[in-house]
Amino acid sequence: MNQTYESLNEMQKAAVYHTEGPLLILAGAGSGKTRVLTHRIAYLIEEKKVQPYHIMAITFTNKAAGEMRNRVNRIVGFGAEQVWVSTFHSACVRILRRYIDRIGYSNDFVIYDMDDQKRLLKDIIKRRNLDTKMYKESSVLGKISDFKNKLMTTGDVHMMAQQDFRQAQIANLYEDYQQALKKNNALDFDDLIMVTVQLFTQEPEVLESYQDRLQYIMVDEYQDTNAAQFALIRLLSSKHQNLCVVGDDDQSIYKFRGADITNILQFEKYFPNARVIKLEQNYRSTKNILNAANGVIHHNMGRKDKTLWSDNDEGNKIDLYQAEDGYAEAEMIAQTIKEEVDFGRADYSDYAILYRTNAQSRTLEEKLLMKNIPYKIIGGQNFYQRKEVKDILAYLRIIANATDDIAVERVINVPRRGIGATSITRAKDFAAANGMNLYDALLEAENIPELKRAAAKISQFTQLIEDLREEMDRLSLKELTDKVLEETGYVAELAAENTDEANGRIENIDELVSKVAEYESGTDTPSLSEFLEEVALVSEIDNLDEDSSYVVLMTIHSAKGLEFPNVFLCGMEDGLFPGYLSIMADNEEEIEEERRLCYVAITRAMKHLTISYAKRRMLRGETQYNIISRFVKEIPAEIVNSKNITDRVAAGYEKTSFRGFGGSAGVGRSGSAGFGERKPGGNRQFATDEHRSAFKAMAKKPAYGMPSQKPAFGKEFTVTKAAIDYSVGDRVKHMKFGTGTVLNIEDGPRDYQVTVQFDSAGRKVMMASFAKLKKL
DNA sequence: TGGTAAGTAACCAAG
DNA sequence: TTACTTACCA
């Protein structure tokens with residue numbers, strides 16, 4: 001036996017050697033599952049002499065697929081590129097591009113993202129004359145997504161709705177939406193999976209050809225699969241039965257997008273002869289970190305019993321900081337990182353800052369910027385979802401697919417051509433009345449009497465598109481894109497604006513052009529539609545580069561599957577994490593999902609975990625007072641090193657921040673709107689020079705060092721204890737939360753801490769002086 | 001009829 | 001705090 005496999009532990013070996021028949025690998029966090037998967041592929045090829053062509057590995061992100069690909073290449077060498085390593089979505093696109101015409105679609109379909117979906121559905125809701133308050137696109141879209149994830153057709157939904165009026169309306173919307181997609185020659189993300197399943201069920205010989213090809217199938221992050229994905233892999237593997245899934249029920253955190261945890265909990269039911277192997281040895285984290293994670297996750301019921309253990313050192317205790325507010329928390333994090341890097345104890349790339357919601361990134365970003373710490377924010381808005389990028393892509397989409405109404409509507413008046421909402425509506429009505437696509441209607445503009453003067457402008461637009469389309473074959477993709485920019489005058493308009501924001505947008509467009517060029521030179525047979533497809537399927541995490549030296553900021557969701565020597569887990573407050581909604585839901589399952597998320601966060605850390613929370617925090621414009629997260633309390637106290645924030649950054653924080661930069665709530669924030677880095681969108685990464693200039697730009701902003709901020713310990717901090725006229729048991733009224741009962745009053749150093757059980761808003765802990773409670 | 005200013009609702013997480 | 005709708009003016 002090749003010594004490659006000798007480095008594996010017994011359980012890992014068992015998983016690698018079990019090649020025939022269904023196999024469920026329950027792989028705890030950091031237990032080396034990717035290693036097992038790659039070695040398993042190597043083993044199949046080298047020892048079992050399976051043709052690489054017969055092996056498929058499915059992951060959830062392109063990044064994970066790329067990594068697996070590299071690792072397999074490294075172990076196996078020649079032939080490995082034949083292994084099909086892919087995400088669910090790209091695998092389905094590849095299958096559909098080839099065969100979707102068999103079930104009545106066109107092979108050159110486009111892929112709609114969330115934004116496109118919303119636009120499409122919004123229109124449909126309007127056309128059905130429904131109250132847009134009652135039927136919001138996002139919630140209807142959520143329902144439709146659920147239907148598709150469960151493989152429910154419009155017929156199924158109608159059937160289910162029966163005499164439920166609202167449900168029937170939603171079924172109608174679903175039906176209209178599917179029709180509209182088809183008319184636009186488009187599929188949404190969920191369709192990619194569902195339609196592939198439909199293809200396989202309706203066209204057995206297509207299915208069989210894939211079954212014969214894909215004799216060994218492996219699925220990573222199996223706990224995140226939904227019913228449609230499960231159906232897909234079940235179909236594919238049903239002939240040869242060599243399905244190996246790897247997952248961890250404790251890390252199932254995507255219920256909200258349809259992940260069905262029963263896929264993993266009941267795997268043995270679906271595959272009675274399945275072998276189950278548990279990987280419980282963790283190679284990633286210190287004992288303390290692991291114990292913290294175990295302490296938390298053991299509070300969940302209904303999980304497969306397992307306990308992660310480790311041979312690693314005990315390591316440091318978990319640091320726990322309490323901060324006055326979100327700014328102080330961010331300051332602490334930035335300061336700690338800076339000190340440790342300056343001392344040469346670590347590199348910036350050793351750090352990740354994790355949070356529950358994307359909104360938290362702003363404050364952190366601000367503080368990192370001030371301290372010249374290079375960072376990268378993952379998430380928020382994907383590069384390809386930014387307005388200007390989507391606009392240009394829309395032009396390309398129209399050129400590739402004239403039936404794409406959404407793209408047409410998006411840019412028909414961008415840049416301004418004097419074609420207003422009314423004209424567009426009239427054109428759309430005309431198109432709808434005649435069963436045409438919008439673009440075809442536009443071509444007829446001269447013959448639509450209602451359009452009057454707008455007709456000429458519309459013709460100019462269609463002429464522009466027709467010209468571009470005509471040149472398409474003569475030009476490279478890059479040239480075509482340049483041509484679009486030039487002919488539409490898009491960049492020219494932005495350039496004329498000459499604001500920071502407009503210039504940022506131009507930069508993004510330049511970046512798009514280089515991505516086009518990059519794609520073109522890196523592909524044998526580049527095509528516009530393939531480029532658009534790639535663009536539709538990239539995720540934020542895909543462009544995380546481990547080799548660059550920057551601190552990474554991201555949500556816990558994005559962090560799944562990654563690891564970092566040092567992790568900051570911030571915003572650990574009830575109401576933020578676990579989220580307000582999950583607490584309100586009064587449903588233990590929701591809290592359990594949040595708890596799993598917390599488990600994922602903790603287990604990202606290899607050596608050092610720092611948890612922090614703030615006494616008060618600005619959230620969508622108002623200050624909130626939250627108590628420490630219940631999850632923190634579930635970590636065994638003896639491995640927690642509890643510190644007050646001032647211990648850590650006493651000098652740095654109190655002297656510079658309070659006075660100069662407004663560490664207090666309210667001040668400082670206002671400065672963020674204008675500095676140089678504010679190109680619209682999410683991904684920013686700073687080299688030192690950019691930092692410096694951004695810093696300068698920021699320093700100029702009057703908001704910083706505002707005179708209104710009284711010398712240190714202004715009124716924000718030295719609160720005279722309010723004379724309170726209520727006591728425990730009294731009924732009180734709060735401006736926002738309404739009426740409630742006082743549960744507890746604690747005498748704090750600066751103020752009274754009052755716990756109130758509100759009748760509708762739930763339990764809140766607040767400072768008496770801020771809460772301004774009125775006795776009833 | 002199209003563009004702009006004030007007013008209002010929203011925010012969890014993502015391929 | 002921000003993104004988007006409604007009301008209003010040219």
Side-chain angles (χ1 to χ4, degrees), chain A residues 58-65 86-93 111-115 117-118 122 132-133 136-139 142 145 148-149 187-193 221 224-226 228-229 252-259 354-360 362-363 378-382 384-385 387 413 416-426 450-454 457 535-542 554-560 571 575-585 590 593-594 596-597 600-601 618-624 665-666 669-670 672-673 678 680 682:
Chain A
I58 304 175
T59 61
F60 269 80
T61 64
N62 295 305
K63 179 175 151 64
S86 162
T87 64
F88 269 106
H89 293 279
S90 17
C92 287
V93 170
I111 300 164
Y112 273 8
D113 68 11
M114 186 68 107
D115 183 64
Q117 295 180 55
K118 275 194 181 149
K122 196 173 182 179
T132 48
K133 291 255 184 332
K136 290 200 189 300
E137 313 102 81
S138 50
S139 85
S145 175
K148 292 186 179 183
N149 290 156
L187 299 183
D188 66 20
F189 277 116
D190 301 312
D191 277 338
L192 296 178
I193 315 289
E221 306 285 8
D224 290 327
T225 52
N226 59 39
Q229 288 162 332
S252 161
I253 55 175
Y254 279 109
K255 188 165 174 233
F256 70 92
R257 66 170 198 213
L354 308 183
Y355 37 79
R356 177 70 236 269
T357 65
N358 277 307
Q360 291 166 258
R362 296 239 168 80
T363 320
I378 306 285
Q381 207 188 19
N382 184 312
Y384 294 106
Q385 286 164 253
K387 184 187 177 299
N413 199 30
R416 302 248 138 84
R417 297 189 177 88
I419 306 170
T422 348
S423 303
I424 296 172
T425 311
R426 284 181 182 158
E450 294 90 341
L451 286 178
K452 295 190 205 117
R453 273 176 296 119
K457 293 170 186 163
V535 151
L537 296 176
V538 292
S539 74
E540 263 299 277
I541 203 77
D542 293 342
M554 62 187 140
T555 64
I556 304 166
H557 281 92
S558 302
K560 191 175 59 117
L576 193 60
F577 189 24
Y580 172 78
L581 291 172
S582 54
I583 295 174
M584 283 305 173
E590 302 233 346
E593 171 113 348
E594 296 276 303
R596 288 193 290 273
L597 194 56
V600 169
M618 277 274 261
L619 216 60
R620 56 163 185 265
E622 57 183 307
T623 308
Q624 295 210 341
R669 280 303 297 129
S670 46
S672 71
R678 285 279 144 195

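Chain identifiers are assigned alphabetically (A, B, ...) following the order of the sequence lines, protein sequences preceding nucleic acid strands; residue numbering begins at 1 within each chain.
- For the pair A:Cys92 and A:Leu192, the tightest heavy-atom approach, listed with the atom from each and the gap, is CB-O, 3.4 Å.
- The CD1-C1' distance, from A:Ile193 to B:dA14, rounds to 14 Å in whole Å.
- Using a 4.5 Å heavy-atom threshold, the side chains of A:Ile58 and A:Gln229 count as separate.
- Between A:Asn358 and B:dA14, a side-chain N or O to OP1/OP2 separation shorter than 4.0 Å is present.
- Taken from CD1 in A:Ile111 to CG in A:Leu537, the straight-line distance is 4.5 Å, to the nearest 0.5 Å.
- With centres under 5.5 Å and a plane angle under 30°, the ring of A:Phe256 is stacked against the base of B:dA13.
- The pairing partner recorded for B:dC12 is none, the criterion being a Watson-Crick or G-U wobble arrangement whose two distances lie under 3.5 angstrom.
- Taking atom NZ of A:Lys255 as the reference point, atom C1' of B:dA14 lies 17 Å away to the nearest angstrom.
- Between A:Thr555 and B:dA14 there is a side-chain N or O to OP1 or OP2 distance below 4.0 Å.
- Using a 4.0 Å heavy-atom criterion, one finds that A:Tyr254 contacts the sugar-phosphate atoms exclusively.
- Using a 4.0 Å heavy-atom distance criterion, A:Phe88 is classed as making no nucleic acid contact.
- Across the protein-nucleic acid pair, A:Asp115 atom CG and C:dC4 atom C1' stand 13 Å apart, rounded to whole Å.
- Nearest heavy atoms, A:Asn226 versus A:Arg257: ND2-O, 4.3 Å.
- Between A:Asp542 atom CG and B:dA14 atom P the separation is 13 Å, expressed in whole Å.
- Interatomic distance, A:Lys122 NZ to A:Gln117 CD, rounded to the nearest 0.5 Å: 14.5 Å.
- Across every non-hydrogen atom of A:Ala454 and A:Ser423, the tightest pair is CB-OG, 3.4 Å.
- Here the P atom of nucleotide C:dA3 and the NZ atom of A:Lys387 are 13 Å apart, to the nearest Å.
- In this structure, A:Phe577 atom CZ and B:dC12 atom P are separated by 15 Å, rounded to whole Å.
- Taking atom NZ on A:Lys136 and atom C1' on B:dC11, their separation rounds to 13 Å, with Å as the unit.
- When A:Lys560, A:His557, A:Met554 are each tested for a side-chain contact (heavy atoms from CB on, under 4.5 Å) with A:Ile541, only one passes: A:Met554.
- For A:Arg356 and B:dA13, a side-chain-to-base donor-acceptor distance below 3.5 Å is present, hydrogens and geometry of angles not being considered.
- For C:dT2, neither phosphate oxygen OP1 nor OP2 lies less than 4.0 angstrom from any side-chain nitrogen or oxygen of A:Arg362.
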What protein N or O atoms touch nucleotides 2-4 of chain B N or O atoms at under 3.5 angstrom, if any, and at what distances?
residue, atom, partner, partner atom, Å
B:dG2, OP1, A:Gly420, N, 3.1
B:dG2, OP1, A:Ser423, OG, 2.9
B:dG2, OP2, A:Thr422, OG1, 2.8

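- Distances shown here put a side-chain N or O of A:Ser558 below 4.0 Å from the OP1 or OP2 atom of B:dA14.
- Between the CG atom of A:Leu581 and the P atom of B:dA10 there is a distance of 13 Å, given to the nearest Å.
- Contact record, A:Ser145 with A:Asp190: OG-OD2, 2.9 Å, taken as the closest heavy-atom pair.
- Nucleic acid contact class of A:Lys122 (heavy atoms, under 4.0 Å, all strands): sugar-phosphate only.
- Taking 4.0 angstrom as the limit, A:Thr357 places none of its side-chain polar atoms (N or O) nearer than this to OP1 or OP2 of B:dC12.
- Between B:dA13 and C:dC4, the two P atoms lie 16 Å apart (nearest whole Å).
- For the pair A:Met114 and A:Ser138, both in contact range of DNA chain B, the more 5′-proximal nearest nucleotide belongs to A:Ser138.
- With hydrogens and angles left out, the side chain of A:Asn62 and the base of B:dG15 share no donor-acceptor pair within 3.5 Å.
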